[in-house]
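For reference, the structure discussed in these notes is given below.
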Number of protein chains: 2
Amino acid sequence: MQENISVSGVLCSSYDSFFEAEKKIADFILSNKSDIIDMTVAELALASGTSDATVSRFCRRCGFNGFHHLKINLAKEVAEERGNSIEVSNDISRDNIGQSLQNILANKVAELTQTISMMEPKELDQILTMIEKARTVQLVAVGNTIPVALDGAFKFNQLGIATVSGTIWETQMAYTCNMGPEDAVIIISNSGFSKRLMTLVAVAKENHVPTIAITNNPSSPLGQACDLHITTATREKLLLGEFCFSRVSATTVMEILYLFLSVSKKNSHDHIRRHEIAISDDKK
Amino acid sequence: MQENISVSGVLCSSYDSFFEAEKKIADFILSNKSDIIDMTVAELALASGTSDATVSRFCRRCGFNGFHHLKINLAKEVAEERGNSIEVSNDISRDNIGQSLQNILANKVAELTQTISMMEPKELDQILTMIEKARTVQLVAVGNTIPVALDGAFKFNQLGIATVSGTIWETQMAYTCNMGPEDAVIIISNSGFSKRLMTLVAVAKENHVPTIAITNNPSSPLGQACDLHITTATREKLLLGEFCFSRVSATTVMEILYLFLSVSKKNSHDHIRRHEIAISDDKK
DNA sequence: TCTAATTCATGTAATTTTATTTCATCATTA
DNA sequence: TAATGATGAAATAAAATTACATGAATTAGA
């Protein structure tokens, strides 16, 4: 039996050899492709003005195993058509939510692709090593990237990497003052222009703490000041035509670090499990 | 009934809430996607070492109409993936960082695609309206989703939607007690099984506050308890073979809400600009 | 701490639904 | 008028779902 048969293809090419009742069926299928997918033989027979037997025979005559097989192939076909029509548009409106969601998806995918393509395997490796060797890792951020830092701290601690983070800048700064060369600090900033974060980096440098920057802009003051750097992509500007950043890229960077660290850290799975158990009393 | 459900998405997201026999089925499906398409219930039951009844029940519990419906969706999914020619591999290692990054990318893209494909335009519209109409929006979370809630609160406030969130559960609870029907509360949870969040939802319901849940699992207690629901996909299980959630999907959901709200909210661009200016004294 | 009770996941078997095949009928053509 | 064969009704077969029973696990009570 042939595995993948194009339903439209077969119906069109064999159309002339069909009997009257079969043509009715073919017509209905061709013009209601996606509806057929959740119809039964009886329903299709009724809808096309034919009978169960004719529909069933028709499917076999067209080279399918049966009605079920035709439906599966039709589903594949519809999905494939949809899959190929990736059109990156920047329109978002409440009037066409379905299409808008597809547009957002395309943009987010582009964002992730760009972020990952900008990563230097060599530099990433250095960053991972730096994090693994560190006695304590500090994740710092201000404003709208604070949630990303908190998320990262949560993940790292889950892997057994002692990590601190916080919502108050002064507290973060105070902590940095106590760090040394055996630690590491990761600074997350969209633009890379934050004055306060620059001050913090200056303190870190004084104490010879290794520094890693995660920003949109490698040539920004923060990007330049830190020892190592990861660049995040954002396309929010395209979507809104305005000045405003996405956090998906930064969150993804944190997840990438997490995934790599989890495979290289010995016993990390034990740590995750222990952590899950420790917080699981909230469940059930 | 929901039309397009991502099979991998649902299976991964709800995996932890599956029973033993169901996990066997899910495992078999995830690792033999394309073979399932021409299998019967009995064959799958045999192959996965379970029974017909369990397979059938499993399909319904996952949100499908039945086994047939799951197969159709699986066929679509396989076809779509082939259409996009995405080859999803799950290997991550420090030895080949470049390839590992590509694998992570493929998985993250699949995660986003699934999350977005599971969104019902109609329900999303209701959610947006609910948020827009609300006097105050509360974003609540516990544990590792707190950063997502904080991020969302940041974004909403930027649009001129008064939003509260916090890191302390007791404080969040205290706030909920003061809310009413003219407000809205959004609950973010991975599994949807948090006891504390269920308590909070109960209070919200008592006060007739409209509730929206964002979880991996629409059939979880939280998913069921709330008025409206958004399902997030996670594939971390595939990457790590372990029990652990990704935050990229949840973050993306917040960004989607943000993008839609920003186009429909009048003057939202003014708000964003004003906010940017207000915090810009930190820059330069 | 042990036992009884209960809950609930799971498989077996019955039922229902769905698809296919057989067979009778009617139309068309030679 | 006979024969061929397309078609549909009905019977059969296949497949999926549901009802029910069983047994494991967990909880409550002693």
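Heavy atoms only: backbone and side chains are in, while hydrogens, waters and symmetry mates are out. Letters go in sequence order (proteins before strands), and every chain restarts at 1. Bear in mind the structure is a predicted one, so any value in this text is a computation, not a measurement.
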Starting from C1' on D:dT17, measure out to CG on B:L44 and report it in whole angstrom.
15 Å
Those residues at least two apart in sequence (or on a different chain) that pass side-chain contact (heavy atoms from CB on, under 4.5 Å) with B:A45 are B:T50, B:D52, B:V55
Side-chain touch B:F67/B:L44, heavy atoms, less than 4.5 angstrom
yes
Are any non-hydrogen side-chain atoms of B:S8 and B:L30 less than 4.5 angstrom apart?
yes
I need the NZ-P distance between B:K23 and C:dT10, as an integer number of Å.
10 Å
Quick one: B:H69 NE2 to D:dA16 P, roughly how many Å, whole number?
15 Å
Comparing B:K24 and A:M39 on DNA chain C - which has the more 5′ nearest nucleotide:
B:K24
Using distance alone, with no hydrogens and no angle criterion, decide if B:E111 and B:N107 have a side-chain donor and acceptor under 3.5 Å apart.
no
Base, sugar-phosphate, or nothing for A:S56, non-hydrogen atoms under 4.0 angstrom?
base
Could you please name the option among D:dT17, C:dT22, C:dG11 that lies closest to any side-chain atom of A:A53?
C:dT22
State, to 0.1 Å, how close A:Y15 and A:K23 come at their nearest heavy-atom pair, and which atoms those are.
O-CE, 3.5 Å
State, without any angle test, whether B:E77 and B:N73 hold a side-chain donor-acceptor pair at a distance under 3.5 Å.
no
Does a side-chain heavy-atom distance below 4.5 Å link A:F58 with A:L11?
yes
Starting at NE2 of A:H68 and ending at C1' of D:dA14, how long is that distance when rounded to a whole Å?
12 Å
Atom CZ of B:R61 and atom C1' of C:dA9: how far apart are they, to the nearest Å?
10 Å
For atom CZ of A:F58 and atom C1' of C:dT21, their distance in whole Å:
18 Å
What is the per-nucleotide protein-contact pattern of nucleotides 25-30 of chain C, from the 5' end, where B denotes a base atom under 4.0 Å from a protein heavy atom, S denotes such proximity for sugar-phosphate atoms only, and - denotes neither?
------
Are any non-hydrogen side-chain atoms of B:V148 and A:D151 less than 4.5 angstrom apart?
no
Rounded interatomic separation in angstrom, taking CD from A:E43 and P from C:dT18
8 Å
Is it true that the side chains of B:R196 and B:S189 contain a donor and an acceptor less than 3.5 Å apart?
no
Out of C:dT20, C:dT12, D:dA16, minimum distance to the side chain of B:K71 belongs to D:dA16
Any N/O pairs under 3.5 Å between the protein and nucleotides 5-7 of chain D? List them or say none.
from	atom 1	to	atom 2	distance (Å)
D:dT7	OP1	A:E20	N	3.2
D:dT7	OP1	A:A21	N	2.9

Rounded to whole angstroms, how far apart are CG on A:L70 and C1' on C:dA19?
13 Å
